[in-house]
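Below is one structure; the comments refer to it alone.
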Amino acid sequence: MRYVDSHAHIMSEEFQEDFDAVISRIEEKHIDRVMIITLKPEETEKAIAFAKKDPVRYQVAAGIFMDDVLNVNEEVWNRFVSIAEQPEVIAIGEIGLDYHWEKDPGIHELQKELFIRQIDLANHLKKPILVHSRDAMQDTYDLMKAHRSRGLLHCFSGTKEMAIEFTKLGYYIALGGALTFHNSRHAKEVCRAVDAKYLLTETDCPYMAPEPVRGTRNEPSNIPYILACMAEQRDVDKETMSQQVFANYERFLGGPDEED
């Protein structure tokens with residue numbers, strides 16, 4: 001059994017006190033691929049130094065989060081580009097749109113501009129994108145259709161119909177702890193509806209720990225709970241689901257398609 005956490009904020013302050021123990025549990029639970037999400041230059045530098053110790057298991061992504069859109073001047077942008085260009089940064093993310101708290105249409109337009117700018121950079125660098133979309137699914141879809149890239153929808157919260165439309169464009173759908181919640185009807189419908197070759201697992205740790213550890217700090221070692229729920233929803237055994245997700249992740253990173 002090999003597991004994938006396609007979205008983990010393990011460089012955040014929530015993990016600093018027991019970081020070594022978190023890493024030990026990752027290894028014990030066979031979480032063999034972990035995408036470390038970084039949203040600040042300092043986090044990215046720490047992640048790169050750490051990932052160099054085990055570059056097969058750990059990958060590094062860097063992005064400018066939409067909440068920081070008002071702070072992005074040319075100095076900030078140029079520093080981000082210099083970070084994104086580093087070969088150790090293999091993906092751009094998380095990036096995207098979030099209208100949940102921010103209701104100002106003017107800010108929404110700035111988020112779109114920043115999103116497009118980062119997609120274009122990712123395409124120029126030939127790196128995939130990891131996309132956040134909250135209460136902005138149609139705008140996210142429209143932009144990702146107009147600015148095609150290799151990418152995934154992190155912590156997907158849309159309908160099964162919208163998920164299928166994203167996969168028609170070649171985008172992957174990542175599901176996390178919410179899939180295991182008792183009231184997660186939409187996530188379970190998405191899990192069952194999309195083609196298995198587009199499914200990925202994630203934690204979004206330290207957020208949204210799955211059942212049966214809901215309410216605690218999430219971490220990559222909880223991925224087996226999510227994978228087990230995914231397998232149950234698709235009526236396959238855990239080993240089959242694990243192999244599928246692992247192959248999907250390798251393909252997402254730019255490896256060969258199993259159908260080639």
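Starting from 1, each residue takes its place in the sequence as its number.
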Tell me whether Val213 shares a hydrophobic cluster with Val22, the cluster being built from Ile, Leu, Val, Met, Phe, Trp, Tyr side chains joined at under 4.5 Å.
no
TODO: Evaluate the criterion side-chain contact (heavy atoms from CB on, under 4.5 Å) for residue pair Ile226 and Tyr3; output intermediate values, then yes/no.
DONE: CA-CA 10 Å; Ile226 298 165; Tyr3 295 101; over 6 Å; no
So, Asp204 side chain and His7 main chain: donor-acceptor pair closer than 3.5 Å or not? no
* Asked: Take atom NZ in Lys103; do more than 12 heavy atoms of anything else shown fall under 6.0 Å from it?
  -> yes
Using a 6.0 Å cut-off, check whether atom CD of Glu161 has over 12 heavy atoms from anything other than its own residue. yes
Should Met66 and Leu97 be marked as a side-chain contact (heavy atoms from CB on, under 4.5 Å) after you check the CA-CA gap, both sets of side-chain angles, and the distance that decides it? CA-CA 6 Å; Met66 64 289 314; Leu97 305 174; 5.9 Å; no
Check: Same cluster or not: are Met208 and Val190 linked, directly or through other Ile, Leu, Val, Met, Phe, Trp or Tyr residues, by side-chain heavy atoms under 4.5 angstrom apart?
Finding: no
Check step by step if side chain to side chain donor-acceptor pair (under 3.5 Å) holds for Ser184 and Lys188. CA-CA 6 Å; Ser184 61; Lys188 289 180 171 64; 2.6 Å; yes
In short, Ala47 meets Val60 closest at the heavy-atom pair O-CG2, 3.7 Å
Practice item. If the plane angle is over 60° it's perpendicular, under 30° parallel, otherwise tilted; pick one for Trp77 and Phe80. Key: tilted
All heavy atoms of Gln111 vs all of Val69, minimum pair found to be N-CG2, 4.0 Å
In this structure, CG of Leu130 is separated from CD of Glu94 (nearest 0.5 Å) by 8.0 Å
dist Ile10:CD1 -> Gln16:CD (nearest 0.5 Å) comes out at 9.5 Å
Met35 vs Leu253 side-chain heavy atoms within contact, under 4.5 Å: yes
Are Ile23 and Phe50 side-chain neighbours, meaning at least one heavy-atom pair lies under 4.5 Å? yes
Next on the checklist: Just so I know, are the side chains of Arg57 and Ile26 near enough to count as touching, which here means a heavy-atom distance under 4.5 Å?
Outcome noted: yes
> Should we say atom NE2 of His100 is surrounded by more than 12 heavy atoms from elsewhere, each under 6.0 Å from it?
Replying inline: yes
Measure from the side-chain N and O atoms of Ser6 to the backbone N and O of Thr201, and report whether any donor-acceptor pair falls under 3.5 Å. yes
Review point. Between Arg33 and Glu250, is there a side-chain N and carboxylate O pair less than 4.0 Å apart?
Key: yes
| Taking the six-membered ring where the residue is Trp, are the ring centres of His132 and Phe65 under 6.0 Å apart? | yes
_Classify the ring geometry of His108 against Tyr99: parallel below 30°, tilted from 30° to 60°, perpendicular beyond 60°._
parallel
Between Glu165 and Lys168, is there a salt bridge with N-O shorter than 4.0 Å? yes
- Taking the side chain as every heavy atom from C-beta outward, state whether Leu153 and Met144 have any atom pair closer than 4.5 Å. yes
Here the pair of heavy atoms bringing Met230 nearest to Val245 is SD-CG2, 4.0 Å
Discussion item. Less than 4.5 Å apart, side chain to side chain, heavy atoms only: is that true for Lys160 and His186?
Written reply: no
Per ring pair (Phe, Tyr, Trp, His ring centres under 6.0 Å), Phe166 is matched among Tyr172, Tyr198, Tyr141 by Tyr141
On a heavy-atom basis, the closest approach of Pro220 and Cys205 is CD-SG, 3.6 Å
Original post:
Would you call Arg217-Glu14 a salt bridge at under 4.0 Å N-O?
Top reply: no
Shortest non-hydrogen pair, Ser149 vs Ile119, comes out as CB-CG2, 4.1 Å
List the steps, then state whether salt bridge (charged side-chain N to carboxylate O under 4.0 Å, His left out) holds for Glu28 with Arg25. CA-CA 5 Å; Glu28 291 167 5; Arg25 288 190 287 271; over 6 Å; no
Can a donor-acceptor pair be found, under 3.5 Å and without considering hydrogens, that links the side chain of Asn123 to the backbone of Arg148? yes
Q. Just by distance, do the side chain of Arg234 and the backbone of Cys191 share a donor-acceptor pair under 3.5 Å?
A. yes
Open item on the list: For the backbone of Ala61 and the side chain of Thr38, can you confirm whether one donor and one acceptor N or O come within less than 3.5 Å of each other?
Closed with: yes
- Query: Given the rule that I, L, V, M, F, W and Y join up when any side-chain heavy atoms are under 4.5 Å apart, are Met241 and Tyr249 in one cluster?
  - Reply: yes
For Phe15 and Met11, what are the C-alpha separation, side-chain angles and deciding distance, and is it a side-chain contact (heavy atoms from CB on, under 4.5 Å)? CA-CA 7 Å; Phe15 293 101; Met11 291 297 151; over 6 Å; no
CD1 of Ile129 to CG of Leu121, rounded to nearest 0.5 Å, is 11.0 Å
Next on the checklist: Using a 3.5 Å distance criterion without hydrogens, assess whether the side chain of Arg2 forms a donor-acceptor pair with backbone atoms of Ser242.
Outcome noted: no
Electrostatic pair Lys46-Glu43, nearest N-O below 4.0 angstrom | no
CG of Asp67 to CH2 of Trp101, rounded to nearest 0.5 Å, is 11.0 Å
Output for pair (Lys52 NZ, Ile48 CD1), nearest 0.5 Å, gives 7.0 Å
*With side chains defined as the heavy atoms from C-beta onward, is the minimum distance between Arg134 and Ser157 less than 4.5 Å?*
no
- Query: Quick one: do Leu143 and Ile95 end up in the same hydrophobic cluster if we chain Ile, Leu, Val, Met, Phe, Trp and Tyr together by side-chain heavy atoms under 4.5 Å apart?
  - Reply: yes
Practice problem: Could you check Leu227 against Val4 for side-chain contact (heavy atoms from CB on, under 4.5 Å), going step by step and ending with a plain yes or no? | Solution: CA-CA 9 Å; Leu227 188 285; Val4 170; over 6 Å; no
- prompt: Does the side chain of Phe156 reach to within under 4.5 Å of the side chain of Met137, using non-hydrogen atoms?
  reply: yes
Heavy atoms of Ala187 and Leu175 approach each other most closely as O-CD1, 4.1 Å
Query - Any donor-acceptor pair under 3.5 Å from Gln118 side chain to Ile64 backbone - result: yes
Counting only N and O atoms by type, is there a donor-acceptor contact under 3.5 Å from the side chain of Lys127 to the main-chain atoms of Ala84?
yes
Does Asn73 CG have over 12 foreign heavy atoms under 6.0 Å away? yes
Pair Asp68 + Lys40, salt bridge at N-O below 4.0 Å: no
So, Asn218 side chain and Thr203 main chain: donor-acceptor pair closer than 3.5 Å or not?
yes
- Are any of the side-chain heavy atoms of Glu189 and Thr159 separated by less than 4.5 Å? no
Query raised in the report: Near Glu42 CD, under 6.0 Å, is it more than 12 heavy atoms from other residues, nucleotides or ligands?
Result: yes
Under a 4.5 Å side-chain heavy-atom rule over Ile, Leu, Val, Met, Phe, Trp and Tyr, are Phe181 and Ile223 clustered together?
no
Between the CD atom in Gln243 and the CG atom in Asp237, the distance rounded to the nearest 0.5 Å is 8.0 Å
With the threshold set at 4.0 Å, does a side-chain nitrogen-carboxylate oxygen contact exist between Asp5 and Lys29?
-> no
Can a donor-acceptor pair be found, under 3.5 Å and without considering hydrogens, that links the side chain of Glu202 to the backbone of Cys155? yes
